[in-house]
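Presented below is the structure to which this report refers.
Counting starts at 1 for both ligands and their atoms, following the listed order. Every value quoted in this text rests on a predicted model; they were computed, and no experiment measured them.
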Amino acid sequence: MQSLLDDVIARNRQWTQKGKVADYIPALSTANSDALGICVTDVNGQEWAAGDARTFFSIQSIVKAVTLLCALEDAPIRSIAKVISFEVCSDSFDSIANLETSRSHKPLNPLINSGAIAIIPFISGKAYEEKFLRVVKLIRQMTRNQSIEVNDKVYKSETLTGNRNRALAYYMKSTGTLSGDVEEVLDIYFRLCSIEVTCHDIARIGAVLAGDGLMPGTGEAVANPNSCRIVKAMMSTCGMYNESGAFATSTGIPAKSGVGGGIMAAIPGKMGIGVVGPALNSKGNSVAGIRVLSDLSSKLKLSIY
Ligand code: GLU
């Protein structure tokens with residue numbers, strides 16, 4: 001496995017030159033666009049890493065898989081489905097279009113910005129701070145990393161420039177889709193997106209999802225198998241934004257990307273994979289990260305289809 005990962009990183013490093021780091025959130029523009037790293041954690045807890053696997057990046061939309069998991073653990077799916085659909089989205093991740101044009105005004109799925117914002121009220125916790133800590137604690141548990149924290153610079157930058165997300169949230173408030181205090185919900189969303197991680201952390205989250213909620217190695221249950229199944233189903237169909245169909249055909253694994261350049265994959269019953277490559281394509285996905293996963297998937301026959 002180690003030589004395979006070294007080889008896959010070396011072969012695909014050239015692709016980092018084909019993308020651009022995200023700059024619509026100014027703090028993200030300082031990311032190293034040449035970085036490329038990978039970590040694999042199997043469901044037994046064995047771990048391998050290659051390339052720039054220790055590079056820190058902000059989790060961004062990858063956190064949406066964990067917020068969805070928390071909401072599914074804390075609230076009946078029937079009540080979530082009343083305000084959020086579980087359908088694919090062909091528009092960009094921050095699109096407002098379908099909120100206005102669809103009759104129900106529901107966000108299309110919980111892995112795009114509107115859906116991820118609308119799901120926050122379903123996470124348990126009376127005070128908003130408790131909801132935030134509920135997600136952070138689960139991330140610390142899944143990653144076995146108690147030093148997981150928000151990157152303050154990214155958080156401030158998100159807060160200052162997150163006007164599209166504000167628009168989505170206030171629109172959803174006006175249609176009754178978003179319950180609660182809009183600014184408090186947005187603040188949780190901005191903070192969660194700004195959590196700093198490495199490939200090791202997201203590979204471990206992927207491994208827990210791959211193992212149906214069991215911690216790799218110890219077998220301790222941290223989430224319900226059915227919640228993990230739904231998260232993986234959403235990752236397979238919607239996890240790579242409006243490139244999810246192409247990714248399914250080239251790679252065939254449940255994955256969630258973020259504009260920080262990370263991609264988290266969960267291969268059912270096998271392993272979690274974390275990749276970082278901050279240079280993105282026009283859809284907001286890591287150019288080299290997609291190549292790495294597609295290469296690895298064909299070498300290890302990981303496609304679930
Ligand atoms: N914080 C980012 C935003 O809301 C997350 C986007 C992403 O990673 O897709 O725009």
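Contact check on R191 versus E149 returns no salt bridge, with no Lys/Arg side-chain nitrogen under 4.0 Å from an Asp/Glu carboxylate oxygen. Residues R134 and D74 are paired through a salt bridge, judged by an N-O separation under 4.0 Å between the basic side chain and the carboxylate.
Atoms of ligand 1 found under 4.0 Å from any heavy atom of N165 (numbered from 1 in listed order, with element): 3 (C), 4 (O), 10 (O). Close approach of ligand 1 to Y189 (heavy-atom distance below 4.0 Å) involves ligand atoms 3 (C), 4 (O), 5 (C). Contact atoms of ligand 1 toward V259: 6 (C), 7 (C), 8 (O), 9 (O) (distance under 4.0 Å to a heavy atom of the residue). Close approach of ligand 1 to G258 (heavy-atom distance below 4.0 Å) involves ligand atoms 8 (O). Applying the 4.0 Å criterion to heavy atoms of C193 picks out, from ligand 1, the atoms 1 (N).
The line from CD1 of I139 to CD1 of I59 is 4.5 Å long, rounded to the nearest 0.5 Å. Taken to the nearest 0.5 Å, the CZ atom of R291 stands 9.5 Å off from the OG1 atom of T251.
For atom 5 (C) of ligand 1, the nearest protein heavy atom (residue, atom name, distance) is Q60 OE1, 3.2 Å. The protein atom (non-hydrogen) at minimum distance from atom 10 (O) of ligand 1 is Y24 OH, 2.7 Å. Ranking protein heavy atoms by distance to atom 7 (C) of ligand 1, first place goes to S61 OG, 2.6 Å.
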(message) For a side-chain contact (heavy atoms from CB on, under 4.5 Å) check, start with the C-alpha distance between S244 and V88, then their side-chain angles and the critical distance, and finish with the verdict.
(response) CA-CA 9 Å; S244 298; V88 295; over 6 Å; no
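Contact between N113 and ligand 1 is present, with at least one heavy atom of the residue lying under 4.0 Å from the ligand. Residue contacts with ligand 1 include Y241, since one or more of its heavy atoms lies under 4.0 Å from the ligand.
Listed by chain and residue number, nothing satisfies the ring pair (Phe, Tyr, Trp, His ring centres under 6.0 Å) test with Y189 (two or more places apart in sequence, or in another chain).
With a 4.0 Å heavy-atom cut-off, ligand 1 is reached by no atom of R164.
Considering only heavy atoms from C-beta on, K106 stays 4.5 Å or farther from T177 through its side chain.
For the pair K256 and Y241, the cation-pi test (distance below 6.0 Å, angle within 45°) is passed.
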